Amino acid sequence: MSKYNDIDIDFWKDYSDIETDSLWIIDKRDNSGSHNGDYHGNFVPQIPHQLFSRYTKKGDWIIDPFMGSGTSLIEAKRMGRNAIGIELQQKVLDTAAQRIAAEIGDSKMIQICGDSSTIDLQPTLTCAGIEKVQFVIFHPPYWDIIKFSANPNDLSNCLTLEEFKNSFGKVIDNTTKFLEKNRYCAVVIGDKYANSQVVPLGFYCMNLFLERNFLLKGIIVKNFGETKGKANQQGIWRYRALKSDFYIFKHEYIFIFKKIF
Ligand SMILES: C[S@@+](CC[C@H](N)C(=O)[O-])C[C@H]1O[C@@H](n2cnc3c(N)ncnc32)[C@H](O)[C@@H]1O
């Protein structure tokens with residue numbers, strides 16, 4: 001048995017549902033149980049499901065510093081993992097908390113309202129009786145593509161790319177200091193266009209981890225279909241792309257890192 005998941009490699013043929021390829025095509029969102037895709041900017045539950053299957057064991061603790069509608073926590077509860085979710089917006093947290101409570105499972109689920117770049121997580125860990133966590137899943141705003149709130153601490157309100165990188169870097173530091181050595185974390189992020197060029201947010205964020213000496217273990221490309229922001233507008237976007245010189249984003253990244261310090 002490996003030290004960071006529950007996969008029994010003697011029965012490796014039984015795990016055909018667990019991804020090992022770097023291209024993830026997920027066409028249908030898992031809307032079972034408490035999962036609900038109505039939060040603009042959510043990710044599909046299959047992302048945390050895959051990551052928790054590969055990089056956590058039952059009873060492990062996970063931090064999600066950008067909890068949103070609670071997709072990771074719902075999935076963690078379902079999978080018998082414990083989790084701490086942090087969300088800046090109280091209203092968003094309240095809705096997530098109801099859904100998490102409604103999900104079946106007896107794992108410990110903690111939701112905190114606050115700014116993940118500055119919040120002191122030590123009292124929460126102490127109260128939970130743990131010193132470290134075993135996984136951190138980051139799904140930050142893709143800078144300003146979706147404005148999540150008017151709160152100046154919201155990463156979607158950063159005025160410049162430097163400010164965004166700086167704020168996300170603080171969230172990385174403030175949470176991964178509690179990540180156990182030799183365990184993993186992952187960031188889910190897409191790119192954006194600005195001033196007629198691609199801003200490769202994914203790779204900027206990847207570099208923040210590399211600068212901090214995390215080992216890069218995976219660059220996964222995941223498809224996405226029609227986003228809420230572009231609903232029923234495929235035609236106009238294709239027309240614009242053909243008329244101009246750009247490509248329509250159909251993918252986002254999942255970067256996997258190992259903490260070796
Ligand atoms: C991309 S969404 C995460 C969605 C989530 N994975 C889900 O499936 O619902 C990013 C979330 O981060 C929150 N957020 C932005 N800046 C934050 C900060 N500094 N601290 C905590 N949460 C923040 C936003 O309010 C938003 O809900």
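Here the structure is a predicted model, which means the values were calculated and not measured. Counting starts at 1 for both ligands and their atoms, in listed order.
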Exercise for the section: Examine K132 relative to W61 and say whether NZ or CZ is less than 6.0 Å from the centre of the six-membered ring and inside a 45° cone about the ring axis. Expected result: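 No; the conditions do not both hold, so K132 does not lie above the ring face of W61.
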
Problem - Pair F168 + Y204: ring centers closer than 6.0 Å - result: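 No, the ring centres sit 6.0 Å or more apart.
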
Handout entry: Residue shell around ligand 1, heavy atom under 4.0 angstrom
Key =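 Around ligand 1, where the cutoff is 4.0 Å for heavy atoms, the contacting residues are Y39, G41, N42, F43, P65, F66, M67, G68, S69, T71, E87, L88, Q89, G114, D115, S116, H139, P140, P141, F148, N153, D154, L155.
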
I'd like to know if [X] and [Y] make a salt bridge, using a cut-off of under 4.0 Å between side-chain N and carboxylate O.
X: K147; Y: D154; value: no
X: E252; Y: K222; value: yes
X: K77; Y: D106; value: no

Practice task
Go through D38 and R99 one step at a time and tell me if the salt bridge (Lys or Arg N to Asp or Glu O under 4.0 Å) criterion holds.
Solution key: CA-CA 12 Å; D38 64 355; R99 288 184 181 162; 3.0 Å; yes

